[in-house]
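Being a predicted model, the structure only gives us computed values, none of them experimental. In what follows, chains are A, B, ... by sequence order, proteins preceding strands, each numbered from 1.
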Protein chains: 2
Amino acid sequence: MDVRTLCLAVLTKGDATGYEINKMFEEGPFAHFQNASFGSIYPALSRLLAEGLVEARIHDQDGRPGKKVYSITAAGNAVVDAALTITPEPDMFRSDFLFLVYFASRLSEERLTDLIDRRIELYRRKQDHIVEQMAAREANQCSGDPGREFVAGFGIAIYKAAADYLESNRASLLATTRGAHARAPEAAE
Amino acid sequence: MDVRTLCLAVLTKGDATGYEINKMFEEGPFAHFQNASFGSIYPALSRLLAEGLVEARIHDQDGRPGKKVYSITAAGNAVVDAALTITPEPDMFRSDFLFLVYFASRLSEERLTDLIDRRIELYRRKQDHIVEQMAAREANQCSGDPGREFVAGFGIAIYKAAADYLESNRASLLATTRGAHARAPEAAE
DNA sequence: TAATGCATGTAATCGGTTACATGATTCA
DNA sequence: TGAATCATGTAACCGATTACATGCATTA
């Protein structure tokens, strides 16, 4: 999904500034399955404004530079609906962590254990993060959005499965690589 | 991981042509957590050749255009070892499927069920694919590579968790969205 | 006072995707 | 005969990342 559509999608859930949209992709509900950063968000918003898919009001603040609050227009909503008709590609998953572990036999035992332990912690943190967000929403009595809850649950399930797998198979990987660690590869030719 | 390093990494496991390397990223062991395509593989190999990190032999074939079989050099192996010292970033996961499901309330019930059912099938197929590859390796008595087995197991665990989650929560999502489907969003202003 | 958070934007670069271009063989 | 597989490459385009540039307010 391109950043342009992503910004529009965020704005269907409520008005926001570019800064706030960025936060959505860093910590918010989209953080775990989409991405966008300042360098792409601001140009995207300018373009959307020029195309009439969003509107902007300047919100002056005491002293601080005034922020631009964007709202989606009816035309913008139509573009989102059109985007929702696509046939989704298979998910894209990229992991440099798995790349490293694939070469476990070329890694020292300490490095391998460190790598895996850190990753377990990372997955647990991500899982907790989603759980906390869900709890916060419930506490605030935010209208339960079924799509959002479903996606959050998916994230929890995946992070849990990942952490559990690493935890359960860590010892056996270490055992089978023991003795073969950091073995210098035979130089080609 | 850039395509250059990825090609080098594939070649540590044995000689290959550009065409074969491409297949590794389409169907092979790297398919599930890294990506590369013709348009990036061939330029990468040319560059690696110029830098002396790989060597190429022309394998003439009966009639067919001769294929270039690449092998990694000692210098190339050193570059791979250097690449294995990086601190891996968090995994990158992007899913247009989840993006669509996030907006479940804007989708028709038929579309939502179709989307989820197809995705369950996709995850099951991917899971089976890895299982088959592992079985094939065992049948061929390929030297069990602990890193490869561990990564394959990780893939199976994740795909299974994803499919199971969808299967278990499909009905409840459908129930909570029922009646709220394809409700026209209030046009902004 | 130093760091962090709020707030917006531009520009260069870069890597990769997509499409194009070619051509032989094998299988249905 | 047509499709699929094997096989290698180039070029245009595009989107996104990275770094740069600025400046005030708050908090430690």
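Phe97(A) and Tyr123(A) have perpendicular rings, their planes meeting at more than 60° on a 0 to 90° scale where under 30° would count as parallel.
OP1 and OP2 of dT8(D) both lie 4.0 Å or more from every side-chain N or O belonging to Tyr19(B).
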Tabulate below the donor-acceptor pairs under 3.5 Å that side-chain atoms of residues 36-46 of chain A make, not counting sequence neighbours, or state none.
from     : atom 1 : to       : atom 2 : distance (Å)
Ser40(A) : OG     : Ser37(A) : N      : 3.4
Ser40(A) : OG     : Ser37(A) : O      : 2.9
Ser46(A) : OG     : Tyr42(A) : O      : 3.1

Which pairs would a plain distance check flag for residues 127-134 of chain A, meaning a side-chain donor or acceptor within less than 3.5 Å of a matching protein atom at least two apart in sequence or in another chain?
from      : atom 1 : to        : atom 2 : distance (Å)
Gln127(A) : OE1    : Arg124(A) : NH1    : 3.4
Gln133(A) : NE2    : Glu27(A)  : O      : 2.6

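For the pair His59(A) NE2 and dA7(C) P, the computed distance is 11 Å after rounding to whole Å. The interatomic distance linking Gln34(B) (CD) with dT17(C) (C1') rounds to 17 Å, in whole Å. When rounded to the nearest whole Å, the span between CZ of Phe25(B) and P of dG16(C) equals 11 Å. We find that CE of Met24(B) is positioned 13 Å from P of dC6(D), with the value rounded to whole Å. Atom CD1 of Ile41(B) is separated from atom P of dT8(D) by 11 Å (rounded to the nearest Å). To the nearest angstrom, C1' of dT10(C) lies 15 Å from CG of Leu45(A). In this structure, the CD1 atom of Ile21(B) is 9 Å from the P atom of dT8(D), given to the nearest Å. Look at CG on Leu48(B): it is 15 Å from P on dT8(D), rounded to the nearest Å.
Applying the ring pair (Phe, Tyr, Trp, His ring centres under 6.0 Å) rule to pairs touching residues 156-177 of chain A yields His32(A)-Tyr159(A), Tyr165(A)-Phe150(B), Tyr165(A)-Phe154(B), sequence neighbours excluded.
For Tyr70(A), there are no ring-ring contact (aromatic ring centres under 6.0 Å, His included) partners, not counting sequence neighbours. For Arg94(A), there are no side-chain hydrogen bond (donor to acceptor under 3.5 Å, both in side chains) partners at least two apart in sequence or on another chain.
At a threshold of 4.0 angstrom between heavy atoms, the contacts of Tyr70(B) are confined to the sugar-phosphate backbone, with no base atom among them. Within the nucleic acid shown, Thr17(A) comes within 4.0 Å of sugar-phosphate atoms alone, with no base atom in reach, counting heavy atoms only.
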Strictly under 3.5 Å: I want the nitrogen or oxygen pairs between protein and nucleotides 14-18 of chain D, one per line.
from    : atom 1 : to       : atom 2 : distance (Å)
dA16(D) : OP1    : Val3(A)  : N      : 3.4
dT17(D) : OP2    : Ser37(A) : OG     : 3.1

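Each of dA7(D), dT8(C), dC6(C) was ranked by its minimum atom distance to the side chain of Lys23(A); first place goes to dC6(C).
Comment: Asp91(B) engages Arg119(A) in a salt bridge, judged by a side-chain N to carboxylate O separation of less than 4.0 angstrom.
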